[in-house]
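Below: one structure, written as structure tokens.
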Amino acid sequence: MSANENPVVPTNFIHHIIDSDLKANKNNGKVATRFPPEPNGYLHIGHAKSICLNFGLAAKYQGRCHLRFDDTNPEKESDEYVQAIMRDVEWLGFKWHELHHASDYFGQLYDYAVQLIKDGKAYVDSSTPEQIRANRGTLTEPGKPSPDRSRSIAENLDLFQRMRAGEFADGQYVLRAKIDMASPNINMRDPTIYRIRRVHHQRTGDAWCIYPMYDYTHCLSDAIEGITHSICTLEFEDHRPLYDWVLHELDTPCHPQQIEFARLQLEYTIVSKRKLNQLVTAKHVGGWDDPRMPTIAGMRRAGVPAAAIRDFCERIGVTKKDAWIEAGVLENCIREDLNQNALRAMAVLQPLRVVIESYPEAQTEWLEVSNHPQRPELGKRKLPFTRVVLIEQDDFAENPPPKYKRLVPGGEIRLRGAYVIKCHAAVKDADGRIIELRCSHDPNTLGKNPEGRKVKGVIHWVSESNSLPAEIRLYDRLFRLPYPDNEKNFLAALNLDSLTILEHGRVEASLAGVAPESCRQFERTGYFCVDKDSTDTKMVFNRTVTLREDWVKE
RNA sequence: UGGGUCGUCGCCAAGCGGUAAGGCACGGGGUUUUGAUCCCCGCAUACCAAGGUUCGAAUCCUUGCGACCCAGCCA
């Protein structure tokens, strides 16, 4: 595939920063990044952008990229999420050079906190959350110091040790950094860095009853791991002074540079773990891996190739601009990959019986068709042609709209890879519904055009007797509005027709036994992949994406 | 009315003082036993606005305007 041989890897402002760091021999010419998810939900397309960025940087600069779980809030975290995250990162195609957990550093983090206290840079506060909030001030007014701010170092040390020892109730005390209650940056108004919480931690169990906060933990974890460039999203820009403050006050192995970029915003989707969790919990979807979910697991189940996600992340770029990506960009990446790589197959989603009266009843011809019209190296397969075939209900119209290119009464159509047939009659049931077509075939049209006339269209088909029953799940976008988050309640933007199940599909017999996650292009209808719900008696396919349809719809 | 950041084509996005890359979308044409793919062609005298500096500005300066983020013992 020469198309992907010379990918033009776009550059972005982070490359510029690193390039100049390298030129100045900062960090001894090394580059180390990390992807730091909190294990409180499944990874989504927004995380994919961050993963591609961080692992991509390490690859580009021959550096390292760590996977680090930011597991400092045991109330929301679980091992299920840890496992899912590792699975998703690997599936996306990345290998971490080191695996870490912020919880691995709890001991060191505690020692650093003691040092901060000894230096007079942190104090134990007995204020309630309400008092802390009230004293924090507002965006335009400075905060007021807590009465505990002047507590002695000795007393702070004693109290902090006893916090750890479990002598106090949850919430009774917190440890705060002593910075500046009048700072125009609210994050610098003595942020809480430790809280008491008697919660079982998925990794450290009940070893701790105090847990460090993100701002305190993240920078130190980066420094401990020797991260050189700590990349995060824009909402942490205001936290950078705090990141730098902690590392400046403490004697750490290094001082990583925090760089912020704009998080992904994709039309018709939502990338908030809280809201995605809500969709799962309230059963608006089948689970975190529901094919409609923008999660990595969901897209994987839908049949989206990892390479398409990587391509997408590359195309959208990395900037600090608040941007919205049109849904078509992702779809294009998916189609581009699948068009190149998916084998073709014949499948009829909503069958209509076609009896070819001119074709011998007992006869079966094995017709050779290409697995991929543009890639002969992918071989050919044989399809059984029989007297009774099934075509798509949509491919026949008694009263065709203008420019209809399919079968009509008295008209001819090419059955893809087979004969040209002509429709003589439509058989209807008592309700007037068409249940069968009576046709004849032109035996002289196999592999060649009929003489003296042009056939306007080609449709797909499957042998009635020699095909497999299949359930086809047609997925559409989960939200009917491009910006679900703009709604007071995002659930109101849900597309109630996001899933259509077709129970009576038929697919060509060669698909028997094809493994889950295998993708095929069902000619003329779209890309589909085998779902894990498939059984020996009934295959199940998920529609990944439709084919482009360039014509005006009726 | 505090602080932080951003503003180049419908949507992304290069550009970093020398005269507007690319992708998606869109429009037109061609090939085609998938109305798919593929292939051509078109698509910003213009870079939020207004001033200024300069031989020359999207790029530098000034002043406006607009958008986003921040007041968790969440991350």
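Below, chain A is the first sequence line, B the second, and so on; all start at residue 1.
Using Watson-Crick or G-U wobble geometry with both donor-acceptor distances under 3.5 Å, B:G66 finds its partner in B:C6. In this structure, B:U53 forms no base pair with any nucleotide, since neither Watson-Crick nor G-U wobble geometry is met with both distances under 3.5 Å.
Put simply, the side chain of A:R176 and the base of B:C73 share no donor and acceptor less than 3.5 Å apart. For A:Q340 and B:U37, a side-chain-to-base donor-acceptor distance below 3.5 Å is absent, hydrogens and geometry of angles not being considered. The base of B:U33 is paired with the side chain of A:R414 by a donor and an acceptor separated by under 3.5 Å.
One C1' atom belongs to B:C40, the other to B:C55, and the distance between them is 41 Å to the nearest Å. Straight-line distance between the P atoms of B:C70 and B:U63: roughly 28 Å, to the nearest whole Å. Of the P atoms belonging to B:G15 and B:A75, the separation is 36 Å, rounded to the nearest Å. When the C1' atom is compared between B:U62 and B:A21, the two are found 31 Å apart, to the nearest whole Å. Taking atom P in both B:U1 and B:C68, the straight-line distance is 16 Å, to the nearest Å. Rounded to whole Å, the P atom of B:C24 lies 10 Å from the corresponding atom of B:C39. Going from the P atom of B:G2 to that of B:U59 covers 27 Å, rounded to whole Å. Separating the P atom of B:C61 from that of B:G42 is a span of 37 Å, rounded to the nearest Å.
Remark: A:S127, A:T128, A:P129, A:I132, A:R133, A:R136, A:G137, A:T138, A:L139, A:T140 in residues 123-143 of chain A come within less than 4.0 Å of RNA chain B through at least one heavy atom.
A:R453 has a carboxylate O that lies under 4.0 Å from a charged side-chain N of A:E412, or vice versa, which qualifies the two as a salt bridge. For the pair A:R176 and A:D148, the salt-bridge criterion is not met [side-chain N within less than 4.0 Å of a carboxylate O]. A salt bridge links A:R315 and A:E336; the closest N-O separation between the charged side-chain nitrogens and carboxylate oxygens is under 4.0 Å. Using a cut-off of 4.0 Å between Lys/Arg side-chain N and Asp/Glu carboxylate O, A:R151 and A:D125 are scored as not salt-bridged. Between A:K76 and A:E38 no salt bridge is recorded (no basic side-chain N to carboxylate O distance below 4.0 Å).
Counting any heavy atom pair closer than 4.0 Å across all strands shown, A:P241 reaches no nucleic acid atom. Within 4.0 Å of A:H460, counting heavy atoms only, lies no atom of the nucleic acid at all. Counting any heavy atom pair closer than 4.0 Å across all strands shown, A:R197 reaches a base atom. Looking at heavy-atom distances under 4.0 Å, A:H218 makes no contact with the nucleic acid at all. Here A:K320 lies in heavy-atom contact (under 4.0 Å) with sugar-phosphate atoms only. Counting non-hydrogen atoms under 4.0 angstrom, A:G447 reaches a base of the nucleic acid. Within 4.0 Å (heavy atoms only), A:E331 reaches no atom of the nucleic acid at all.
For A:H239 and A:E523, each mapped to the nucleotide of RNA chain B holding its nearest heavy atom, the one lying further toward the 5' end belongs to A:E523. Comparing A:R416 and A:F236 by the nucleotide of RNA chain B that holds the closest heavy atom to each, the one mapping nearer the 5' end is A:R416.
Closest to the side chain of A:Q374, from the set B:U37, B:G35, B:C74, is B:U37. Checking B:A13, B:G72, B:G2 against every side-chain atom of A:M213, the shortest atom distance belongs to B:G72. When distances run from any side-chain atom of A:D322 to the nucleotides B:G35, B:C68, B:G4, the shortest one goes to B:C68. Closest to the A:A323 side chain, of the nucleotides B:C69, B:C12, B:G15, is B:C12.
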(request) Using a 4.0 Å cut-off on protein heavy atoms (strictly under), produce a 5'-to-3' string for nucleotides 24-30 of chain B with B for base contact, S for backbone-only sugar-phosphate contact, and - for none. (result) SSS----

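In this structure, A:T319 does not reach the B:G7 phosphate: none of its side-chain N or O atoms is under 4.0 Å from OP1 or OP2. Put simply, A:R195 has a side-chain N or O that comes within less than 4.0 Å of OP1 or OP2 on B:C74. The phosphate of B:A75 has OP1 or OP2 within less than 4.0 Å of a side-chain N or O from A:T72.
By the 6.0 Å and 45° rule, A:R416 does not stack over the aromatic ring of A:W461.
The only option from A:N449, A:I421, A:I459 that meets the side chain to side chain contact (heavy atoms under 4.5 Å, CB included) definition with A:R414 turns out to be A:N449.
A:F541 has its ring centre less than 6.0 Å from the ring centre of A:F522. Annotation: A:H239 is not in aromatic contact with A:Y243 [ring centroid separation under 6.0 Å not met].
Partners of A:D190 under the salt bridge (charged side-chain N to carboxylate O under 4.0 Å, His left out) rule, at least two apart in sequence or in another chain, are A:R149. Taking A:Q202 as the reference, nothing meets the side-chain hydrogen bond (donor to acceptor under 3.5 Å, both in side chains) condition, with sequence neighbours excluded. Residues that satisfy the side-chain hydrogen bond (donor to acceptor under 3.5 Å, both in side chains) test with A:T525, not counting sequence neighbours, are absent from this structure. A:T233 is linked by a side-chain hydrogen bond (donor to acceptor under 3.5 Å, both in side chains) to A:E235, counting only residues two or more places apart in sequence or in another chain.
Glycosidic torsion of B:G72 falls within 90° of 0, placing the base in syn.
Here B:C73 presents its P atom at 12 Å from NZ of A:K76, a figure rounded to the nearest Å. As rounded to whole Å, 11 Å separates atom C1' of B:U32 from atom CG of A:N449. Between the C1' atom of B:U32 and the NZ atom of A:K454 lies a distance of 11 Å, rounded to the nearest Å. Rounded to whole angstrom, the span from the CD atom of A:E260 across to the P atom of B:C6 amounts to 10 Å. When rounded to the nearest whole Å, the span between NZ of A:K321 and C1' of B:G66 equals 14 Å. Going from atom CG of A:L547 over to atom P of B:U37 covers 7 Å, rounded to whole Å. Note: CG (A:D238) to P (B:C6) measures 13 Å, nearest angstrom. In this structure, CZ of A:R263 is placed 17 Å from P of B:C12, rounded to the nearest angstrom.
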